[in-house]
Amino acid sequence: MTTVVKTETARPVTPLGILVEQLERIVKMAETAEIPPELSNAIKQAYQLGAGLDPYLEENTTQESPALTALAEKTRQEPWSSRFSNSETVRQLEQEMLSGHIEGQTLKMFVHMIGAKSILEIGMFTGYSALAMAEALPQNGRMVACEVDEYVSNFAKSCFDGSPHGSKISVEVAPALETIKKLADAGETFDLVFIDADKKEYIEYFKILLDTSLLATNGFICVDNTLLQGEPYLPKEKRNLNGEAIAQFNRFVAEDPRVEQVLLPLRDGLTIIRRK
């Protein structure tokens with residue numbers, strides 16, 4: 001008997017995705033309601049503007065490598081909810097945690113732009129962003145990726161094996177704070193650091209990077225999920241613990257005189273930080 005694995009349906013997890021879902025619902029409501037044609041048309045135009053943006057970005061961005069395509073598909077096929085269904089599990093894993101095509105190509109372009117030779121990734125998941133950035137590293141470049149979950153680490157490494165750039169990546173399986181403290185104590189330095197791990201520890205990651213030699217003098221930090229489904233700028237009562245943690249992190253960075261930063265509305269928010 002052939003076992004059929006049902007692919008989990010991705011849910012909207014970015015401010016734009018959530019907005020488009022809401023607009024789609026409003027459009028359907030407007031079709032059955034007696035409202036002025038001008039209002040109905042305005043609602044449809046708002047939906048079209050929102051719904052068409054991500055597909056247009058996908059179409060006009062350099063396509064991902066075959067290895068990244070395979071990694072993304074394998075991640076989508078994995079039954080995360082059944083594999084990690086224990087409600088006591090601290091970290092709930094889901095396919096939406098994948099960085100994806102646009103963000104992957106953005107990070108890859110950024111590695112090219114700054115000529116990075118060493119990268120630290122804090123939070124790897126199935127390795128999409130790690131592999132995307134590794135593709136832009138020179139042949140002698142290196143990346144250290146922090147991942148707390150051994151199953152996910154092995155999942156990612158099996159995907160890296162299918163890429164000529166996978167050998168540039170070494171994975172450290174441990175809580176990220178333990179790994180980066182160990183790297184700092186060893187005097188390691190990185191040209192680029194990408195943070196996409198426990199949101200409640202973002203400020204601590206940032207402090208360690210700025211207070212040690214982990215971040216090169218002319219290095220950059222990229223931080224994912226800094227718009228976290230819109231929660232940081234919605235009323236405080238609308239935020240969950242992660243949303244509040246991101247709001248505090250964004251404020252902490254904005255008030256730190258040691259850095260300059262820009263928050264980009266890319267996917268779920270990407271902040272680029274440089275040490276002054």
Applying the side chain to side chain contact (heavy atoms under 4.5 Å, CB included) criterion to F190, which one of R142, E121, K117 satisfies it? R142
Just checking, is any N or O donor in the side chain of T62 or K108 under 3.5 Å from an acceptor N or O on the other one? no
Could you tell me how the ring of F155 sits relative to the ring of W80: parallel (under 30°), tilted (30 to 60°) or perpendicular (over 60°)? tilted
For L214, which of V193, I208, T189 qualifies under side chain to side chain contact (heavy atoms under 4.5 Å, CB included)? I208
About how many Å separate CD of E147 and OG1 of T126, when rounded to the nearest 0.5 Å? 9.0 Å
I43 side chain reached by I35 side chain, heavy atoms, under 4.5 Å: yes
Does D256 come within less than 4.0 Å of K207, counting only side-chain N to carboxylate O? no
Are I195 and V259 linked, directly or through intermediate hydrophobic residues, by side-chain heavy-atom contacts shorter than 4.5 Å (ILVMFWY only)? yes
Hydrophobic cluster membership, with links at side-chain heavy-atom distances under 4.5 Å among I/L/V/M/F/W/Y: are M133 and L71 in one? yes
Separation of T61 OG1 from H101 NE2 (nearest 0.5 Å): 5.0 Å
I'd like to know if E231 and R239 make a salt bridge, using a cut-off of under 4.0 Å between side-chain N and carboxylate O. no
CZ on R275 to CG on L215, rounded to 0.5 Å: 4.5 Å
Is it true that L234 and I18 fall in one hydrophobic cluster, defined by side-chain heavy atoms closer than 4.5 Å? no
According to a 4.5 Å side-chain heavy-atom criterion applied to Ile, Leu, Val, Met, Phe, Trp and Tyr, with indirect links allowed, do F220 and L263 form part of one hydrophobic cluster? no
Kindly compute the distance separating CG (L120) from CD (E172), expressed to the nearest 0.5 Å. 10.0 Å
Is there a side chain to side chain donor-acceptor pair (under 3.5 Å) between Y202 and K199? Walk through the geometry before answering. CA-CA 5 Å; Y202 268 27; K199 313 311 171 193; 2.9 Å; yes
Does the side chain of R25 come under 3.5 Å of the side chain of Q22 through a donor N or O and an acceptor N or O? yes
Is atom CG of N218 surrounded by more than 12 heavy atoms (other residues, nucleotides or ligands) closer than 6.0 Å? no
Spacing of NE2 belonging to H165 relative to CD belonging to Q139, to within rounding of 0.5 Å: 7.5 Å
Are M29 and L39 in one and the same hydrophobic cluster, where Ile, Leu, Val, Met, Phe, Trp and Tyr link if side-chain heavy atoms are under 4.5 Å apart? no
Should the pair K28-E31 be classified as a salt bridge under the 4.0 Å nitrogen-to-oxygen rule? no
Please identify which of these residues, N225, D224, T226, meets the side chain to side chain donor-acceptor pair (under 3.5 Å) condition with T271. T226
Value rounded to 0.5 Å, distance of OG1 in T106 from CG in L270: 7.0 Å
